[in-house]
Amino acid sequence: MSLLRDLDLEGLSPYLIQHRDNPVDWYPWSDDAFEVARHTDRPILLSVGYSTCHWCHVMERESFHDEETARFMNRNFVSVKVDREERPDVDSIYMDAVNTMTGRGGWPMTVFLTPEGKPFFAGTYFPDVERHGMPSFRRVLEAISHAWEHRRGDVQAQAAQLTKVIGAALPVAEEVPDSDRVETAYRTLAHHFDREYGGFGGAPKFPQAPSLEFLSRIAGLPWATGAAGMLTDTLTRMARGGIRDHLGGGFARYAVDRIWLVPHFEKMLYDNADLARLYLRAGQITGDRFYHQVAAETLDYILRDLRHPAGGFFAAEDADSEGVEGKFYVFDYGEFHEVVGPADGPPAAAYFGVTQSGNFEGTNVLHQALTVTEVAELFSMRRQEVAAAIRRARTGLLARRATRIRPGLDHKIITAWNGLALRALAVAGPVLGDGRYLDAARENAGFVLDEMRRPDGRLSRTWSNGLSPVAGFLEDHASYALGLLELYQATGESGWFEAAQDLIDLLERHFGGPGGVLFASAADASNLVVRPPDQQDNPSASGASLAAECYLIIGHLTGDFTYHDRFEQIVRSGHRLVEAAPSAAGHLLAVLATAQVGCREVALAGPDSLEWVARLASAYRPDVLVAPTLEPDETVPVLAGRYREGETLAYVCERGVCRTPVSTYEQMAALL
């Protein structure tokens with residue numbers, strides 16, 4: 001009998017709910033599953049996915065709904081279903097096994113384990129019948145069952161060897177990587193940059209936000225002359241491509257092609273939070289308001305479609321609607337012109353790249369095929385007329401789309417991803433001059449700290465329908481602490497600083513390891529065959545790199561060198577990764593580059609301090625950390641003793657030395 005069917009529906013993730021009524025006797029990741037496997041001497045079949053995963057849906061329809069396949073699984077295996085977003089530690093361990101055995105990972109992930117949790121065979125999606133050189137899932141099951149019964153010694157030897165490989169940690173370097181190493185990493189990334197279409201590599205093409213973050217941090221440095229161009233070329237191509245939702249805002253997870261045209265239609269909170277912040281930074285770097293417009297539309301999508309009424313943000317929207325990938329988003333030629341009308345149809349179709357043959361299975365993924373100026377020249381129209389036609393078309397198409405059945409919503413609230421959203425909103429408030437974003441950020445912070453903080457001070461990983469069953473991981477605490485620090489810098493409200501420091505002080509205690517290595521899961525996590533470090537970006541920033549940035553920022557705002565020491569330990573533990581695979585260490589490189597430039601603290605005290613914060617946001621200054629307050633506040637050490645009644649004073653400090661305070665924004669800007 002499936003334990004999933006016995007569990008309270010309210011306590012399950014959407015992904016587990018999707019599989020609850022399969023004929024497969026699924027267990028959640030639990031002591032019970034391992035005990036049954038040991039007692040019955042059966043291998044564990046571990047299936048890992050997430051609720052908005054298209055190929056997870058396909059494998060469920062083809063195999064997990066099939067009665068004959070389910071009977072074979074139930075007779076020969078203990079089948080365990082895991083939501084990778086709920087248990088990133090489990091996902092990380094066994095994805096290493098998949099990559100080791102096959103050279104490439106992905107979801108759904110299918111791994112066969114001994115009853116002790118050691119992997120001995122691993123793959124991803126298996127079809128129901130042999131197809132494109134892939135064996136059928138049933139054939140794989142039969143082969144594994146036969147090997148377990150008749151070649152147990154070989155299986156156990158393979159499991160021992162594979163476990164040894166996935167449990168190996170990178171050696172810790174004796175020194176912090178120097179500026180030459182960071183420059184070398186930049187040149188390596190530049191070598192893999194797609195100069196024609198932006199981004200890195202070919203199809204499928206992912207945004208790779210951590211690498212773009214690195215480019216944003218080094219833009220303008222003398223040795224990184226191409227960084228700003230690589231960043232803006234990529235963001236421009238993405239914004240014009242079909243990976244962006246040109247009607248409702250936001251971005252899909254990746255493009256299936258090299259040119260950013262056809263998306264894999266699922267929308268993830270982490271992508272949209274990271275990209276919104278990158279577009280804000282690009283606008284600051286270039287002064288081009290186009291990037292700020294894209295950022296605002298992306299954040300508005302998050303606030304409109306992913307927001308829980310209490311302030312948290314949901315995890316994702318599915319790629320599928322009515323069982324068909326992309327059905328919610330695409331338009332065929334006839335429907336497009338029916339909605340837009342004969343007058344606006346031709347220029348709008350030219351702008352959105354709509355054709356009779358389409359670009360996706362006979363339908364059209366809307367994208368910006370031509371600029372407004374190009375459309376105006378093509379149809380001998382004024383630019384204002386074209387812009388008005390496009391606005392009317394967008395309004396009509398969005399209204400038509402609203403009548404369709406929406407893709408499924410993954411209603412989990414994931415702490416790490418909410419931290420990324422909190423940070424983006426906190427950056428957006430001063431940059432865009434819009435108080436809505438700061439209000440949403442405050443509401444989110446209040447929700448997470450009130451609803452998702454456990455009695456021991458740690459955060460939960462997820463929240464759903466009032467339940468938070470899983471303890472948080474390294475990335476949850478580090479990501480959310482960074483969001484709180486950003487919110488403090490935008491508002492001067494010291495309670496957010498205190499909450500961030502509390503979370504940061506938990507990191508070493510619960511996730512620390514030898515030599516500065518930080519593990520993904522806390523020391524009290526159970527049923528893990530190895531304890532995985534969290535060093536590689538995939539696809540958002542690694543937990544270790546987020547923690548490094550936490551230590552860097554709070555070290556400067558407090559002057560406590562313990563934090564600087566921990567920052568250096570993390571960087572030394574990531575040295576080999578930076579050297580061997582810089583594309584997997586983009587965020588750590590970004591933080592390291594900022595540290596090498598040298599951070600400056602600006603203590604701002606007085607009635608105009610938040611106005612000065614907003615004015616500072618006109619440009620991107622990754623090396624400037626701001627501590628503002630409107631009133632006397634001794635909470636943040638860099639502010640201690642610096643408030644003067646009736647005056648606004650700025651203290652610019654660097655390497656433990658503060659300049660003479662200045663009393664005008666212009667004087668402060670000159671010092672920066």
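Residue numbers count from 1 along this sequence.
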message: When you measure from the side chain of Ser30 to the backbone of Pro28, do you find a donor-acceptor pair of N or O atoms at a distance under 3.5 Å?
response: yes
Ion pair check, Glu213 and Arg277, cut-off under 4.0 Å: yes
Over-ring placement of Arg152 relative to Trp148, 6.0 Å and 45° cut-offs: yes
statement: Those residues at least two apart in sequence (or on a different chain) that pass side-chain contact (heavy atoms from CB on, under 4.5 Å) with Asp178 are Asp180, Arg181
- prompt: In Å and rounded to the nearest 0.5 Å, what is the CD1 to CG distance from Ile302 to Asn444?
  reply: 10.5 Å
Side chain Thr234, main chain Gly199, donor-acceptor under 3.5 Å: yes
field: Non-neighbouring partners of Arg87 that pass salt bridge (Lys or Arg N to Asp or Glu O under 4.0 Å), sequence neighbours left out
entry: Asp89
statement: Correct closest heavy-atom pair for Leu474 and Leu507 would be CD1-CD2, 4.0 Å
query: When you measure from the side chain of Gln536 to the backbone N and O of Leu577, does any donor-acceptor pair fall under 3.5 Å?
result: no
- request: Taking atom types as modelled, find out whether Thr184 and Arg187 have a side-chain donor-acceptor pair closer than 3.5 angstrom.
  value: yes
Got a list of side-chain donor-acceptor pairs under 3.5 Å for residues 580-589, not counting sequence neighbours?
{"unit_1": "His587", "atom_1": "NE2", "unit_2": "Glu549", "atom_2": "OE1", "d": "2.8"}

message: Just verifying a value: how many Å separate Cys550 SG and Arg566 CZ, rounded to the nearest 0.5 Å?
response: 12.0 Å
- request: Would you please name every residue forming a ring pair (Phe, Tyr, Trp, His ring centres under 6.0 Å) with Tyr488, sequence neighbours left out?
  value: Phe497
field: Pair Gln284-Arg281, side-chain hydrogen bond (donor to acceptor under 3.5 Å, both in side chains): steps then yes or no
entry: CA-CA 5 Å; Gln284 290 175 303; Arg281 298 312 192 194; 3.0 Å; yes
message: Could you check whether Lys412 pairs with Glu85 (Lys NZ or Arg NE/NH1/NH2 to Asp/Glu carboxylate O, under 4.0 Å)?
response: yes
- request: Scan Leu485, Leu420, Leu546, Val448 and name whichever one has a side chain to side chain contact (heavy atoms under 4.5 Å, CB included) with Tyr480.
  value: Val448
message: Using a 3.5 Å distance criterion without hydrogens, assess whether the side chain of Ser542 forms a donor-acceptor pair with backbone atoms of Asn538.
response: no
field: All salt bridge (Lys or Arg N to Asp or Glu O under 4.0 Å) counterparts of Arg572, not counting sequence neighbours
entry: none
Student check: side-chain heavy atoms of Thr114 and Val529 closer than 4.5 Å: no
message: One pair to check against side-chain contact (heavy atoms from CB on, under 4.5 Å): Leu557 and Leu625. What are the steps and the verdict?
response: CA-CA 8 Å; Leu557 294 179; Leu625 302 171; 4.2 Å; yes
query: Can you tell me how far CG of Asp83 sits from OG1 of Thr462, rounded to the nearest 0.5 angstrom?
result: 8.0 Å
query: Between Lys267 and Asn272, is there a donor-acceptor pair closer than 3.5 Å when you use the side chain of the first and the backbone of the second?
result: no
Between Asp505 and Tyr563: side-chain donor-acceptor atoms closer than 3.5 Å: yes
task: Return the set of residues passing ring pair (Phe, Tyr, Trp, His ring centres under 6.0 Å) with Phe200 (not counting sequence neighbours), or none when no residue passes.
output: Phe193
Stepwise side-chain hydrogen bond (donor to acceptor under 3.5 Å, both in side chains) test for Thr236 and Tyr291: CA-CA 8 Å; Thr236 299; Tyr291 298 111; 2.7 Å; yes
message: Give me the atom names and distance for the closest heavy-atom approach of Thr415 to Ser460.
response: OG1-O, 2.5 Å
statement: In this structure, CG of Asp257 is separated from CD1 of Ile243 (nearest 0.5 Å) by 9.0 Å
message: Go through it in stages, so that I can follow the logic: the residues are Leu113 and Tyr94, the test is side-chain contact (heavy atoms from CB on, under 4.5 Å), and I'd like the CA-CA distance, side-chain angles, deciding distance and then a yes or no.
response: CA-CA 10 Å; Leu113 320 176; Tyr94 296 108; 3.4 Å; yes
task: Side-chain contact test, heavy atoms from C-beta onward, threshold under 4.5 Å: evaluate it for Trp107 versus Asp91 and give yes or no.
output: yes
message: Show the nearest heavy-atom pair for residues Pro210 and Ala541, with the distance to one decimal.
response: CG-N, 3.8 Å
task: For the pair Thr124 (side chain) and Pro108 (backbone), establish whether a donor and an acceptor sit closer than 3.5 Å, ignoring hydrogens and angles.
output: no
- request: Under the ring pair (Phe, Tyr, Trp, His ring centres under 6.0 Å) rule, collect the residues that match up with His564, sequence neighbours excluded.
  value: His556, Phe561
message: Quick check for you: to the nearest 0.5 Å, what is the distance between Glu116 atom CD and Thr163 atom OG1?
response: 9.5 Å
- prompt: Between Phe121 and Phe126, how do the two ring planes meet: parallel, tilted or perpendicular, split at 30° and 60°?
  reply: parallel
message: Run the salt bridge (Lys or Arg N to Asp or Glu O under 4.0 Å) test against Asp456 and tell me which residues pass, sequence neighbours left out.
response: Arg458
query: Val90 versus Leu46: any side-chain heavy-atom pair under 4.5 Å?
result: yes
- prompt: When you look at Leu422 and Leu425, which way does the side-chain contact (heavy atoms from CB on, under 4.5 Å) test go after all the steps?
  reply: CA-CA 5 Å; Leu422 173 62; Leu425 290 165; 5.7 Å; no
task: Just jot down the salt bridge (Lys or Arg N to Asp or Glu O under 4.0 Å) partners of Asp476, sequence neighbours excluded, or say none.
output: Arg461
message: Side chains of Tyr15 and Thr52 only: does a donor on one sit below 3.5 Å from an acceptor on the other?
response: no
query: Can you check whether Leu235's main-chain N or O pairs, donor with acceptor, with Tyr279's side chain at less than 3.5 Å?
result: yes
- line: For Ile570 and Ala544, the nearest pair of non-hydrogen atoms, with its separation, is CG2-O, 3.4 Å
message: Quick test of your reading: applying ring pair (Phe, Tyr, Trp, His ring centres under 6.0 Å), list the pairs with at least one residue in residues 500-528, sequence neighbours left out, ordered by first then second residue.
response: His477-Phe511
Expected list for residues 221-232: side-chain donor-acceptor pairs under 3.5 angstrom, two or more places apart:
{"unit_1": "Thr232", "atom_1": "OG1", "unit_2": "Ala228", "atom_2": "O", "d": "2.9"}
{"unit_1": "Thr232", "atom_1": "OG1", "unit_2": "Gly229", "atom_2": "O", "d": "3.4"}

message: Taking ring pair (Phe, Tyr, Trp, His ring centres under 6.0 Å) as the definition, give me every residue that meets it alongside Tyr270, ordered by chain and number, with sequence neighbours left out.
response: Trp417
- request: Considering non-hydrogen atoms only, spot the tightest contact between Ser211 and Leu189 and give its length.
  value: OG-CD2, 4.1 Å
field: Trace of the salt bridge (charged side-chain N to carboxylate O under 4.0 Å, His left out) decision for Asp194 with Arg237
entry: CA-CA 11 Å; Asp194 184 342; Arg237 286 282 183 177; over 6 Å; no
- prompt: Quick one: CH2 on Trp496 to CG on Leu487, what's the gap to the nearest 0.5 Å?
  reply: 6.0 Å
- prompt: With side chains defined as the heavy atoms from C-beta onward, is the minimum distance between Leu275 and Met238 less than 4.5 Å?
  reply: yes
message: With ring pair (Phe, Tyr, Trp, His ring centres under 6.0 Å) as the criterion, how do Trp29 and Phe34 come out once you've worked through the C-alpha distance, each side chain's angles and the decisive distance to 0.1 Å?
response: CA-CA 8 Å; Trp29 184 268; Phe34 284 88; 5.0 Å; yes
task: Measure across Val591 and Ser545 and return the closest heavy-atom pair with its distance rounded to 0.1 Å.
output: CG2-O, 4.1 Å
